[in-house]
Amino acid sequence: MAPVTHDIRDLTIIGAGPTGMFAQFYAGMRGATAQLVDALPQLGGQLAALYPEKYIFDVAGFSKVLAKDLVSALADQMRQFNQPVHLGQNVTGLEEADGHFVLVTTEGRFPTRAIIIAAGIGAFSPRKLPQPVAAPWYGRGISDLVLQPSEYHGKEVVIIGGGDSAFDWAAQLAGKAKHVHLVHRSDRFRAHHATVEDVHRAVAAGHASMHTWCELADVASDGERLTGIRIRQVKTKEEKALTVDTVLPMLGFVSDMGALSEWGLTIENDEILVNSQMETGRVGVYAAGDVTTYPGKLKLIACGFAEAATAVNQAVHWIYPEKKVTPGHSSNMAIFGQKDD
Ligand SMILES: Cc1cc2nc3c(=O)[nH]c(=O)nc-3n(C[C@H](O)[C@H](O)[C@H](O)COP(=O)(O)OP(=O)(O)OC[C@H]3O[C@@H](n4cnc5c(N)ncnc54)[C@H](O)[C@@H]3O)c2cc1C
């Protein structure tokens with residue numbers, strides 16, 4: 001299918017993590033047309049993909065907030081301005097034509113006057129199971145993104161991995177799933193001690209089983225869907241069959257700066273060097289959030305929000321010099337139905 005060419009917008013924001021979502025809201029508040037593009041199928045960046053069920057305690061205004069609830073709140077805030085969001089599109093190129101940029105993705109072409117890169121740790125995708133027998137069953141019993149935990153309640157679930165995500169999900173689902181099997185290639189875990197203890201308690205209560213020094217050996221199916229797996233003890237080679245509804249490989253993520261590293265930006269250790277105006281050095285291209293570096297940079301959601309505001313205000317002034325950098329106070333803005341003091 002030929003790539004779709006979209007209408008020109010003032011700003012195109014790469015990355016729908018918390019920084020990019022807040023930038024999309026902020027662009028609307030500044031009266032700029034904007035669009036948000038992300039490689040993942042859902043909003044939220046790391047919060048949705050890596051830790052949706054964890055509480056965050058250091059976002060201003062919340063004593064604590066579940067990562068997935070913060071994503072929903074950001075989505076509500078940004079949707080006020082009804083600006084387009086394009087998910088499942090990896091940004092692969094940047095061109096310049098007729099005095100503006102054209103951002104190229106796997107699905108389309110996005111003409112834009114300026115760009116804000118909020119690409120976090122790059123486009124990341126879950127690390128796949130290394131066993132070739134697993135490949136045909138992704139989407140048919142094997143799933144590496146947990147979007148709706150309740151769909152695993154009452155099910156036989158196998159989680160493969162020994163890191164934070166594997167243990168977080170094992171602890172979350174134990175007692176709700178029919179049974180949770182945690183399969184790991186060694187008996188050394190890279191997970192938080194308290195979560196490992198939670199899973200040990202679930203094992204003692206009969207809600208979970210731990211299969212250490214084991215790996216996936218084979219897959220059983222009814223032809224349509226996976227119905228079980230065989231696991232192999234890596235030392236003795238002994239095999240065991242498990243009846244299974246779902247396999248959740250939690251093997252971490254592979255991230256890639258991809259095309260962004262070819263745009264003539266200064267990149268140090270996969271981070272884009274910016275100045276205090278969030279300028280990258282390439283005129284019209286700004287960056288914010290985890291993808292950036294500068295002296296004193298902190299990779300925190302709170303900092304990403306501030307950087308998003310700076311990047312949008314600077315970009316709007318650069319596109320429309322008659323518009324001030326300083327936005328004024330939202331509490332006085334006509335766009336929200338408020339009157340000037
Ligand atoms: C387990 C864990 C717990 C954390 N807890 C906290 C906490 O308590 N408090 C806190 O402040 N921070 C916490 N963090 C850090 C926080 O999640 C990050 O600082 C935050 O997610 C950065 O937001 P971002 O929008 O800059 O980037 P990200 O959240 O990484 O989002 C970037 C987005 O850009 C997209 N993208 C990248 N490249 C491309 C491309 N080429 N094409 C299309 N899309 C692309 C990615 O798919 C992704 O969705 C935690 C992180 C982890 C892993």
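Quick note: numbers below take in every heavy atom, side chains included, and nothing from hydrogens, waters or symmetry partners. Both ligands and their constituent atoms are indexed starting at 1 by order of listing. Residues: numbered from 1 along the sequence shown.
Distances from atom 23 (O) of ligand 1 to the heavy atoms of Ala308, Pro18, Gly289, Ala49 show the closest one on Pro18. Atom 39 (C) of ligand 1 has its nearest heavy-atom neighbour, among Gly88, Ala23, Ala123, in Ala123. Here atom 4 (C) of ligand 1 lies nearest to Tyr51 when heavy atoms of Tyr51, Phe57, Phe22 are compared. Atom 30 (O) of ligand 1 has its nearest heavy-atom neighbour, among Gln46, Lys64, Met21, in Gln46.
Closest to atom 9 (N) of ligand 1, if we only count protein heavy atoms, is Asp58 OD1, 2.8 Å. Protein heavy atom closest to atom 40 (C) of ligand 1, with residue, atom name and distance, is Asn90 OD1, 3.4 Å.
Taking the six-membered ring where the residue is Trp, Phe25 and Phe336 present parallel rings, their angle staying beneath 30° rather than reaching 60°.
No cation-pi contact links Lys64 to Phe57, judged by a cut-off of 6.0 Å to the six-membered ring centre and 45° from its axis.
Of the N or O atoms in Val291, none lie within a sub-3.5 Å distance of an N or O in ligand 1. Residue contacts with ligand 1: Lys54 is placed with no nitrogen or oxygen under 3.5 Å of a nitrogen or oxygen of the ligand (distance criterion only). Where the criterion is an N or O separation shorter than 3.5 Å, residue side chain and backbone included, Ala39 meets it with respect to ligand 1. Where the criterion is an N or O separation shorter than 3.5 Å, residue side chain and backbone included, Asp290 meets it with respect to ligand 1.
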- Task: Would you check, one step at a time, whether the test ring-ring contact (aromatic ring centres under 6.0 Å, His included) holds for His184 with Phe189?
- Result: CA-CA 8 Å; His184 183 44; Phe189 308 124; 5.7 Å; yes
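Here His179 and His207 keep their ring centres 6.0 angstrom or further from each other.
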Please tabulate, one pair per line, all N/O donor-acceptor pairs under 3.5 Å involving side-chain atoms of residues 116-133, not counting sequence neighbours.
residue : atom : partner : partner atom : Å
Arg127  : NH1  : Leu251  : O            : 3.0
Lys128  : NZ   : Asp144  : OD2          : 2.9
Gln131  : NE2  : Leu216  : O            : 3.3

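For the residue pair Asp245 and Tyr152, no side-chain donor N or O sits within less than 3.5 Å of a side-chain acceptor on the partner.
Of all the heavy atoms of Ile301, the ones lying under 4.0 Å from any atom of ligand 1 are found in both the backbone and the side chain.
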